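I have placed the structure first, in the form of structure tokens, so that the comments after it can refer back to it.
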Amino acid sequence: RPYVPNMIEVGGLQINRTPSKLPNDLQTILDQAGEYGVIYFSLGTNVKSKYISVEKQQEFVNVFRKLNQTVLWKWDEPLFTEEIDNIFVNRWFPQDDLLAHPNVKLFITHGGLLSITEAIYHAVPIIGIPLFADQFLNVARAHRAGYALPIYLKDSNEATLSAAIVEMLTNNRLVDHVI
């Protein structure tokens, strides 16, 4: 890209080199995640629940409830009426500090540049679900680099999501690219 001579690109300025203390309830969830760990799922701040069909939301719930991992899901609306033991939904999570915790094993993200930068810094593998703008390119680059798998929302279903999660949690070749 052409830039003016005094322009210097920098990345990762938003990352806390020393993570901030997590809220007590979140710290407890992460610390007690055990050998299976935690999956963090966030589609960023611009994607609201009204943009994702109820059927697609239910697919995610159906996959997550079968996992041994704890799932922290950033979402702006309640997803279900019954309590599901391994899924915790909240409107906001301190993403950078959360990704810094060693029990976070996978990040399912929209593929925003800041999210991908934080995941790389904290060596957390990615499943990218790009929805608009630069997210498609960011996820494609992460995939080519070997630390992400893309899933396209319109083509995804319970089987593809489950397979991607298993692949990213068990394929050390992919995980080693992050580390």
Side-chain angles (χ1 to χ4, degrees), residues 1-17 19-20 38-57 59-61 63-64 69 71-77 79 89-101 104-169 171 173-179:
R1 294 181 183 176
Y3 289 118
V4 295
N6 62 347
M7 171 120 180
I8 300 172
E9 288 189 80
V10 295
L13 291 177
Q14 82 282 8
I15 297 171
N16 295 322
R17 301 308 188 253
S20 300
V38 170
I39 295 172
Y40 176 49
F41 178 39
S42 171
L43 296 178
T45 56
N46 292 323
V47 177
K48 306 297 183 212
S49 60
K50 65 184 176 185
Y51 300 130
I52 307 295
S53 72
V54 173
E55 294 79 20
K56 194 60 71 177
Q57 292 176 39
E59 286 178 9
F60 284 113
V61 170
V63 170
F64 293 159
Q69 289 76 19
V71 177
L72 300 176
W73 188 343
K74 182 197 163 298
W75 202 242
D76 61 330
E77 296 292 332
L79 285 161
V89 177
N90 203 342
R91 291 176 148 300
W92 179 85
F93 287 102
Q95 179 170 294
D96 180 43
D97 301 316
L98 179 74
L99 291 171
H101 196 284
V104 176
K105 305 299 184 192
L106 179 63
F107 181 23
I108 303 174
T109 176
H110 63 308
L113 189 57
L114 298 180
S115 293
I116 287 185
T117 303
E118 291 167 356
I120 291 169
Y121 182 82
H122 296 298
V124 178
I126 298 167
I127 292 176
I129 305 174
L131 299 169
F132 59 90
D134 67 331
Q135 298 165 3
F136 294 93
L137 178 60
N138 298 338
V139 171
R141 285 180 175 166
H143 179 61
R144 275 194 311 273
Y147 52 85
L149 284 178
I151 292 181
Y152 300 100
L153 196 61
K154 66 181 179 61
D155 301 327
S156 72
N157 56 46
E158 290 181 36
T160 57
L161 180 59
S162 292
I165 290 171
V166 168
E167 177 72 10
M168 290 308 289
L169 291 174
N171 188 339
R173 180 186 59 77
L174 290 170
V175 174
D176 289 343
H177 276 64
V178 180
I179 299 168

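Remember, predicted model here, so these are calculated numbers, not experimental data.
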Student check: side-chain heavy atoms of Lys56 and Ser156 closer than 4.5 Å: yes
Quick one: does any side-chain atom of Lys48 pair with a main-chain N or O of Thr45 as donor and acceptor, under 3.5 Å? yes
What is the minimum heavy-atom distance between Gln14 and Leu114, and which atoms define it? NE2-O, 3.3 Å
CG of Leu43 to CH2 of Trp75: how many Å apart, nearest 0.5 Å? 5.5 Å
May I ask you to decide if Ile52's main-chain N or O and Gln57's side chain share a donor-acceptor pair within less than 3.5 Å? yes
Approximate separation, where rounding is to 0.5 Å, of Ile127 CD1 and Phe107 CZ: 11.5 Å
Measure across Asp76 and Arg91 and return the closest heavy-atom pair with its distance rounded to 0.1 Å. O-NH1, 3.0 Å
Working to the nearest 0.5 Å, report the span between CG of Leu99 and CZ of Phe93. 11.5 Å
Partners of Asn157 by side chain to side chain contact (heavy atoms under 4.5 Å, CB included), sequence neighbours excluded? Glu59, Ala159, Thr160
Any Asn46 side-chain heavy atom under 4.5 Å of Tyr51 side chain: no
Have a look at His122 and tell me which of Asp97, Thr117, Asp96 forms a side chain to side chain donor-acceptor pair (under 3.5 Å) with it. Asp96
Of Leu106, Leu98, Val71, which meets side-chain contact (heavy atoms from CB on, under 4.5 Å) against Tyr40? Leu98
Report yes if the side chains of Leu149 and His143 come closer than 4.5 Å at any heavy-atom pair, otherwise no. yes
So Ile108 and Ile129, do their side chains get closer than 4.5 Å, heavy atoms only? yes
Quick check: closest heavy atoms across Gly111 and Ile116, and the distance to 0.1 Å? O-CD1, 3.7 Å
If only atom types and distance count, is the side chain of Gln135 paired as donor or acceptor with the main-chain N or O of Phe132 below 3.5 Å? yes
Verify whether one side chain among Gln95 and Ser115 offers a donor that lies under 3.5 Å from an acceptor in the other. yes
Do Ile165 and Phe64 come within less than 4.5 Å of each other through their side chains, counting heavy atoms only? yes
So, does Asn138 use its side chain to make a donor-acceptor pair with the main chain of Asp134 at under 3.5 Å? yes
Between Ile126 and Val139, is there a side-chain heavy-atom distance shorter than 4.5 Å? no
Does Phe136 have any side chain to side chain contact (heavy atoms under 4.5 Å, CB included) partners at least two apart in sequence or in another chain, and if so, which? Pro130, Tyr152
